[in-house]
Amino acid sequence: METMAYQDKYESYLAQIPADIEVCKETGRSHVFGYTSNYDVVFRWDIDVYNQILKEFLKEEPMAQAGDTMDTMEDFARISSYCLLKGIGANFDITSLEVCEYLQNHFQSEPALGGTCAQGVAALGALGFPMVAQLTDKCREVCKMMDAPDVQVVKDGKLVPIMEGASDEAPVYHMILQFSKDDKIIIDGKEYAVPLSNRLILFYDRIHKTVPIDPCFFDYWNEHAEEISSYLVSGFDAVIDTAVMEERLGELVRHFEAMRKKNPDFIAYVEGAYYMNPEVKEMLFRGLSPYVNIVGTNEEELVAQNEAHGLVTDITDIESVIRGLEALMFHCGIRGVVLHTKDYSLYYGEELRGIDIEKGLTMGNLMSGTRARIGKYGTIAECRETLGLKLSPVGLDFHEKLGKLKISRQAVLVPSRYLEHPKYTIGLGDTFVSGVHTCFQ
């Protein structure tokens, strides 16, 4: 069976972006992103400091599971060392201010923007797209990091520049620990190499246990749904209580029913994450599946989601990945999935008529690759510089093998421009998701 070799369209798709931005401005249609924002404290990774923490506080075998909390430094050592040994990224609650203070006193840190919504808006704002955000943390520090000429929020029933919506409240803090591939961690005198660069997000935060959404945000878009080109749902990963999620789901369903009556054609996209309560994640996916076009996930999330249903997904085998996506769609009633990985991105599901999803995947790869390369949200010029990176050999191999499979659904795979040792690992998935939205007009 003859297959089509991958045709590299990165440069041509990037060249289309200025015209796409002008179309958005001329039509008055916006990408609308919800629902969370926060102020990140990014620790500068220091393997020597980390190994000293393990030496002092690791009293048990490394182990972590969904729902674990860091109540003590011993919990931090046990949970974080497990994640580093596996090279996995994850989110965990810190319940003790003393743990926060210990980490801040032992690692140097720098501020950053947090929340899929906030980071996605900042990433597309850096290119020049008109954006509208719903924020949970409206402090001036967060708004300044998102501020761009065409970034707006809803306030008093109208759209206003983001800084007009800023508050004087204290920031909502999340602490982030990036770790690096090939670093050596020491456990009981034995040395182990970290298999992948990744990050841990540690929450000392109560607001995102409930994710309050401003009613005026819902009201505005219920009335102005025809001005939406795409709509991103994210930010419920810290919700633990299923009763809280049930309440939010009721609000979201009423909201989407109202918007779909006025604008049945806009693209709705739910981005997954590492959920502290996996049951909450399935509630969200299933509850919104009649109203959304795409659910986004990464490899780790796909594996974990399917494990809960007794299915093992081998991420090194494209056929196993496809079976895993089929299972996710079946269990949650999903119509289409975007899978993003370090080596490739993939759309799998119902055909998206009139949408060049390959463009979205390509721009997602390029924008996240640029952030990994330079440590910030890239401009068009900075994205162009990322074109110098080579295509992932794994991604190219998966593209070839996918072309040989008999598949009844639309399947589009784009190899990433691969960076073995990224400068930054925070917000890469969020930046990728924002890039996908460039193909929705």
Side-chain angles (χ1 to χ4, degrees), residues 2-21 23-24 31 120 123-124 127 129 229-230 232 265-271 292-299 302 318 321-322 325 329 334-371 378 380 383-384 386-387 389-418 428-441:
E2 190 173 334
T3 60
M4 283 281 290
Y6 172 68
Q7 302 295 311
D8 186 345
K9 299 180 184 177
Y10 274 81
E11 191 166 0
S12 61
Y13 282 139
L14 180 61
Q16 295 173 18
I17 295 302
D20 295 337
I21 293 169
V23 167
C24 289
H31 299 293
L124 281 177
L127 293 184
F129 277 94
S229 57
S230 68
L232 176 68
D265 297 325
F266 74 88
I267 293 293
Y269 191 121
V270 176
E271 176 60 9
V292 304
N293 308 88
I294 296 171
V295 164
T297 185
N298 67 24
E299 291 172 309
L302 178 66
I318 185 62
V321 169
I322 294 297
L325 294 174
M329 294 171 71
I334 297 165
R335 289 182 276 172
V337 183
V338 165
L339 175 67
H340 47 96
T341 82
K342 64 182 177 60
D343 291 294
Y344 67 92
S345 57
L346 167 67
Y347 172 77
Y348 184 76
E350 291 183 4
E351 184 176 354
L352 297 168
R353 299 186 183 278
I355 292 172
D356 186 354
I357 192 64
E358 182 180 8
K359 175 180 180 176
L361 297 174
T362 303
M363 286 304 303
N365 289 351
L366 184 59
M367 289 171 63
S368 62
T370 300
R371 180 162 173 79
I380 290 176
C383 286
R384 188 171 293 113
T386 305
L387 296 175
L389 296 177
K390 293 182 178 179
L391 294 168
S392 163
V394 172
L396 289 168
D397 179 59
F398 267 38
H399 182 276
E400 180 182 353
K401 289 176 177 175
L402 179 63
K404 296 177 181 177
L405 300 180
K406 292 183 179 179
I407 294 173
S408 59
R409 303 182 188 268
Q410 184 179 14
V412 180
L413 187 149
V414 178
S416 67
R417 309 209 80 101
Y418 187 61
L428 302 189
D430 301 333
T431 304
F432 168 83
V433 170
S434 69
V436 176
H437 283 252
T438 60
C439 72
F440 309 138
Q441 297 296 327

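Scanning all heavy atoms of the two residues, the minimum distance from Ile380 to Pro18 falls at CD1-CG, 4.0 Å. Among all heavy-atom pairs drawn from Pro415 and Ser392, the shortest one is CB-O, 4.3 Å. Taking both residues in full, the closest heavy atoms of Leu361 and Phe432 are given as O-CE1, 3.8 Å, listed atom of the first, atom of the second, then distance. Here the closest non-hydrogen pair linking Gln7 and Glu358 is O-OE2, 4.2 Å. Closest of all the heavy-atom pairs between Ser368 and Leu428 is CB-O, 3.3 Å.
Taking 4.5 Å as the limit, some side-chain heavy atom of Ile357 sits within range of a side-chain heavy atom of Gln410. Taking 4.5 Å as the limit, some side-chain heavy atom of Leu413 sits within range of a side-chain heavy atom of Ile318. When side chains are defined from C-beta on, Leu387 counts as touching Leu366, because their heavy atoms get closer than 4.5 Å.
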Apply side chain to side chain contact (heavy atoms under 4.5 Å, CB included) to Lys342 and Tyr418, showing your working. CA-CA 7 Å; Lys342 64 182 177 60; Tyr418 187 61; 3.8 Å; yes

Walk me through it: do Phe398 and Thr341 pass the test side chain to side chain contact (heavy atoms under 4.5 Å, CB included)? CA-CA 12 Å; Phe398 267 38; Thr341 82; over 6 Å; no

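In this view, Ser230 and His31, His437 satisfy the side-chain hydrogen bond (donor to acceptor under 3.5 Å, both in side chains) rule, not counting sequence neighbours. Every residue two or more places apart in sequence or in another chain that forms a side chain to side chain contact (heavy atoms under 4.5 Å, CB included) with Asp8 is listed here: Tyr6, Tyr10, Leu391, Arg417.
Within the model, atoms CG of Leu402 and NE2 of His399 stand 7.0 Å from one another, a figure rounded to the nearest 0.5 Å. To the nearest 0.5 Å, atoms SG (Cys439) and CD1 (Ile267) are separated by 8.0 Å. From Asn293, atom CG reaches atom CG of Asp265 across 9.5 Å, with rounding to the nearest 0.5 Å. A distance of 4.5 Å separates CE in Met367 from CG in Leu124, rounded to the nearest 0.5 Å. Taking NZ from Lys390 and CG from Leu396, the interatomic distance works out to 11.5 Å, rounded to the nearest 0.5 Å. Remark: Ile294 CD1 to Ile355 CD1 distance equals 6.5 Å, nearest 0.5 Å.
Ion pair Lys9/Asp356 not flagged as a salt bridge, since none of the NZ, NE, NH1 or NH2 atoms sits closer than 4.0 Å to an Asp/Glu carboxylate oxygen.
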Enumerate donor-acceptor pairs with a distance under 3.5 Å from any side-chain N or O in residues 346-354 to protein atoms, sequence neighbours excluded.
{"from": "Tyr347", "atom 1": "OH", "to": "Glu350", "atom 2": "N", "distance (Å)": "3.4"}
{"from": "Tyr347", "atom 1": "OH", "to": "Glu350", "atom 2": "O", "distance (Å)": "2.5"}
{"from": "Tyr348", "atom 1": "OH", "to": "Glu326", "atom 2": "OE2", "distance (Å)": "2.5"}

